[in-house]
Amino acid sequence: MASATATATAATSSFIGTRLTDIPSNSGRVTARFGFGRKKAAKKAPSRSNPGTDRPLWYPGAQAPEWLDGSLVGDYGFDPFGLGKPAEYLQYDYDGLDQNLAKNLAGDVIGTRTESEDIKSTALQPYSEVFGLQRFRECELIHGRWAMLATLGALTVEWLTGITWQDAGKVELIEGSSYLGQPLPFSITTLIWIEVFIIGYIEFQRNSELDPERRLYPGGSYFDPLGLAADPEKKEILQLAEIKHARLAMVGFLGFAVQAAVTGKGPLNNWATHLSDPLHTTILDRFL
């Protein structure tokens, strides 16, 4: 009676997953299966108020995947490779280990489960599911913010000094460490160690934050000194504007890198050269 009750309880446990019929009580082996097709995954409750089915998508007539339900800011249903699909884990029974048998059978599939995307209090790896949608959003936003800074820096440096962003480091280190022509009281080795410790400390502190919202938008006097996000409606507009600019900056800086590799020039120089003869000065001229 106790064994039957334990089996029935395990069959409905949300921690173990969805069990199939005829469940042995000695299940244990687990393997992972990552799907990139259109197999239905469990829907999560939207965190925003009723995103709606008529929301704008990345191109007219597109059908958003079920895991992109519009609850994230800037969600336009773009995931052609299914990278954000929740990972589904298959649970197997133990393999047969009877030494008296001539052949032991492999364990059968007895159920499935998915990892939770909850953030854990571990500073180096707070996410239990590294391919989770919440972690992808965090990575996208952080990379986008760095890309916005890098794009602005590349354009500003070339505009003020005439030196391209890919050559700026070499020029700054010709006669010791300097910045914008001003000498720095540190060697390059010291500067590297300072960067490692400062960025390492910042990342450690960021990963110690368990609130998903504050991990993305910490706010406060340091990150929102003007209180621009105090109004909830305005906050959502600013978040949407940020993710749009972040995506554009990542694509833009990728273009800077390709231009630098192909032409050896900076973005402003390439732009001026293109404007001087738009029909005959394009990236295709390098390959045709």
Side-chain angles (χ1 to χ4, degrees), residues 72-74 83-84 87 115-158 161 163-229 235 238-239 241-257 260-261:
L72 292 175
V73 176
L83 299 178
E115 285 284 354
S116 171
E117 293 188 8
D118 294 339
I119 299 174
K120 299 180 179 179
S121 57
T122 53
L124 297 180
Q125 180 53 273
Y127 289 103
S128 58
E129 180 50 72
V130 295
F131 293 99
L133 193 60
Q134 182 65 26
R135 182 176 180 272
F136 281 160
R137 168 44 59 91
E138 183 175 318
C139 292
E140 179 187 31
L141 198 55
I142 292 175
H143 282 80
R145 288 167 177 168
W146 280 115
M148 287 189 284
L149 289 173
T151 302
L152 177 61
L155 294 174
T156 303
V157 167
E158 186 176 356
T161 66
I163 302 171
T164 60
W165 65 271
Q166 65 267 29
D167 294 328
K170 294 184 290 185
V171 174
E172 293 291 341
L173 296 176
I174 289 178
E175 297 180 355
S177 302
S178 63
Y179 188 75
L180 292 178
Q182 302 299 320
L184 297 176
F186 306 106
S187 66
I188 184 63
T189 303
T190 305
L191 290 175
I192 291 175
W193 280 111
I194 292 175
E195 181 179 358
V196 168
F197 281 115
I198 292 178
I199 299 300
Y201 174 77
I202 293 174
E203 283 297 296
F204 187 88
Q205 291 297 110
R206 185 180 66 83
N207 278 323
S208 299
E209 178 60 60
L210 302 183
D211 185 356
E213 180 72 12
R214 289 185 58 83
R215 287 179 66 86
L216 299 179
Y217 309 101
S221 58
Y222 291 106
F223 298 98
D224 188 16
L226 301 179
L228 299 177
K235 178 181 178 181
L238 292 174
Q239 289 176 348
E242 181 186 32
I243 194 64
K244 285 183 175 182
H245 284 82
R247 290 165 178 170
L248 183 60
M250 287 188 283
V251 174
F253 198 83
L254 176 62
F256 288 1

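Treat the numbers as computed from the prediction; the structure is a model and nothing was measured.
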For this session: Begin with the C-alpha distance, continue with both residues' side-chain angles, and end with the deciding distance and a verdict on side-chain contact (heavy atoms from CB on, under 4.5 Å) for L210 and R215.
Result: CA-CA 7 Å; L210 302 183; R215 287 179 66 86; 5.9 Å; no
Exercise. Step by step, would you call R137 with V73 a side-chain contact (heavy atoms from CB on, under 4.5 Å)?
Worked result: CA-CA 9 Å; R137 168 44 59 91; V73 176; 4.2 Å; yes
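In this structure, R135 does not pair ionically with E138, as no charged nitrogen and carboxylate oxygen lie closer than 4.0 Å.
Separation of atoms NZ (K235) and OH (Y217) is listed at 8.5 Å; rounding is to 0.5 Å. Here L152 contributes atom CG and F253 contributes atom CZ; the two are 11.5 Å apart, rounded to the nearest 0.5 Å. Here the CG-CD distance, from L216 to E140, works out to 10.5 Å after rounding to the nearest 0.5 Å. For the atom pair CZ (F223) and CZ (R214), the distance works out to 9.5 Å, reported to the nearest 0.5 Å.
By the 4.5 Å heavy-atom criterion applied to side chains, T151 and M250 are not counted as neighbours. Inter-residue side-chain proximity for R247 and I243 is flagged as met; some heavy-atom pair is nearer than 4.5 Å. Looking at Q239 and L72, their side chains never come closer than 4.5 Å, going by heavy atoms from C-beta outward.
Considering all non-hydrogen atoms of both residues, L228 and D224 come closest at N-OD1, 2.9 Å. When all heavy atoms are compared, the tightest approach of F136 to L83 is CE1-O, 3.0 Å. Of all heavy-atom pairs between G144 and A246, the closest is CA-CB, 3.5 Å. When all heavy atoms of E209 and D211 are compared, the closest pair comes out as OE2-N, 3.0 Å. W165 and A154 get closest at one heavy-atom pair: CB-CB, 3.7 Å. I163 and V157 get closest at one heavy-atom pair: O-CG1, 3.7 Å.
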